[in-house]
2 protein chains.
Amino acid sequence: MEKSALSPAFNQGLRQIVYEKLKEAIVLGSIKPGSKLSEIELAEQMAVSRTPVREAIRQLAQTGLVTLTPRRGAYVTMPSLKDASDLYELRTELEILAVENLCSFPPSDELRRYRSVFEIMTDETSTERYVIEDRAFHFMIYQSCTNRFLTMMLNNIADLINLCRPFSVERSAITDFTLGHLAIIDAILTGKTTKAKEETRKHITISKESLLSYLKSRSTEDQEYIK
Amino acid sequence: MEKSALSPAFNQGLRQIVYEKLKEAIVLGSIKPGSKLSEIELAEQMAVSRTPVREAIRQLAQTGLVTLTPRRGAYVTMPSLKDASDLYELRTELEILAVENLCSFPPSDELRRYRSVFEIMTDETSTERYVIEDRAFHFMIYQSCTNRFLTMMLNNIADLINLCRPFSVERSAITDFTLGHLAIIDAILTGKTTKAKEETRKHITISKESLLSYLKSRSTEDQEYIK
DNA sequence: GGGGGGAAATATGCATGGAAAAATCTGCTT
DNA sequence: AAGCAGATTTTTCCATGCATATTTCCCCCC
């Protein structure tokens, strides 16, 4: 009997399947930061034994999405404000490097596609739609790197930053971000490497400021709430 | 009964112990790139079960020191020439960032210690001694970062680069490297951030060229050998 | 009523058994 | 003698049992 392409996930191994599922749940926010990841519970939910669950959790811990405390269990990481700042510091330099790489072999078709997407975005665009396209755009940049380590690290950092941001973007910032994207795209398409790098730094710096000020306001709100 | 401080490694867990041992063996070269890591064999050698060995191996795979091929096993990674180049590309930007961070709160005592170490190095210094001090110096820089993600990544990259370099440094290059170290140290100690960053870029670029030209010569030698 | 101590319950960490896939070996055919 | 097919063996991968550490809950004491 031939093996269906839809059969047990093309036999990539249970561990990998569990890993993907867990990661998606964490990144999409259906498992919230701070939640405990119980081996037994997850194993039952996914109808597998504890072993692949355990290995998937440890793999997630290596990427930083999960924090382990020995003999106590695994918890979805809650990045601190400093973590967010530190992550952006890295992302800035690494993404500039990625853009620089891109300028040698620009994926012109993809870039033009995103150009047309961002061109028609206005303040009336829904924030959800913006967030989706924004992530896809940066993800595209990461995948286009010829440096596989750079790709890995940027994807990793993006996931961690995701954990800090409860999906919200200030409406007023969208126009800024969109213009930033267009500036980066145009600079790459016209072969202006230096300009592309500058615009990337600007864009990510603005993004960083936006997130940090948002997080700061949230944290003071929370403190009031606790009182 | 009181638990001895020397007892099973202060109970950090078998997994961690196996991980450390394996990593040391790989980084120090006692297990060579390309070697197969057999769960059973290693478990017997270390007198533990296969479980902690297996988990340690998977952890090493996440750092890149080990490469897994599903259903076939784990092998110590053999970085390609492009890998080496890519790793140095990342190291350059990240280590500059680290040095920049250091300039805010320079660990002056440590720096002065290393200054005196490198000051007395000459072409007569053994390459082994140089390599040891070189690694310690860069390692110190990494640990001094206030950005924990940066520290992690740089340590990781350094380990991987280690895998490319079979310990050898050209004698003639040592003086260059030593002078580079002194320039970086002095710039940091005198608070010249921009200069420190420039010198770091120069130093790592030279180091990269040196390794790459060495690897290229080796690879052609090997080809001749195979014939 | 609140707090501390101890026993039961629960979860992690390690060991080991069993299934499936890959590698190896053997024997047969050409 | 070389190559291929089938069987054996070995190894990874998943499941599960057992031990120990932690948590929880209950009872006793203050």
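Note on naming: letters A, B, ... go to the chains in the order of the sequence lines (proteins, then strands), and numbering restarts at 1 for each one.
A donor-acceptor pair shorter than 3.5 Å can be found between the side chains of A/Tyr88 and A/Ser207.
The residues A/Glu93 and A/Arg201 are annotated as salt-bridged, a charged nitrogen and a carboxylate oxygen being separated by less than 4.0 angstrom. Residues B/Glu55 and A/Arg54 are paired through a salt bridge, judged by an N-O separation under 4.0 Å between the basic side chain and the carboxylate.
Within 4.0 Å (heavy atoms only), B/Arg50 reaches at least one base atom of the nucleic acid.
Side-chain N/O atoms of A/Arg72 include none lying less than 4.0 angstrom from OP1 or OP2 on C/dT12. B/Arg71 has no side-chain polar atom (N or O) that falls below the 4.0 Å cut-off from OP1 or OP2 of D/dT11. At least one side-chain nitrogen or oxygen of B/Arg58 sits closer than 4.0 Å to the OP1 or OP2 atom of D/dC13. Residue B/Ser49 has no polar side-chain atom (N or O) positioned under 4.0 Å from OP1 or OP2 of C/dC14. A close approach under 4.0 Å does not occur between any side-chain nitrogen or oxygen of B/Lys36 and OP1 or OP2 of C/dA23.
Distance, B/Met46 CE to C/dC14 P: 14 Å, rounded to whole Å. One atom, CD1 of A/Ile57, and another, C1' of C/dG13, lie 13 Å apart when rounded to the nearest Å. The distance between atom CD of B/Gln12 and atom P of D/dA21, rounded to the nearest whole Å, is 15 Å. Distance CD (B/Glu44) to C1' (C/dT16): 14 Å, rounded to an integer number of Å. The interatomic distance linking B/Leu14 (CG) with C/dT12 (P) rounds to 18 Å, in whole Å. Between the CG atom of A/Leu37 and the C1' atom of C/dT12 there is a distance of 14 Å, given to the nearest Å. Taking atom CZ on B/Arg15 and atom P on C/dC14, their separation rounds to 8 Å, with Å as the unit. For B/Glu39 and D/dC13, the CD to P distance is 7 Å, given to the nearest whole Å.
A parallel orientation is assigned to the rings of A/Tyr114 and A/Phe118, their planes being inclined by less than 30° (bins at 30° and 60°).
Without hydrogens or angle criteria, B/Asn101 side chain to B/Leu97 main chain gives a donor-acceptor distance under 3.5 Å.
With the nearest nucleotide of DNA chain D identified for both B/Ile40 and A/Val48, B/Ile40 has the one nearer the 5' end.
Considering only the side chain of A/Arg54, C/dG13 comes nearest among C/dA15, C/dG13, D/dC14.
No hydrogens or angles were tested; on distance alone, a donor-acceptor pair under 3.5 Å links the side chain of A/Thr51 to the base of D/dA15.
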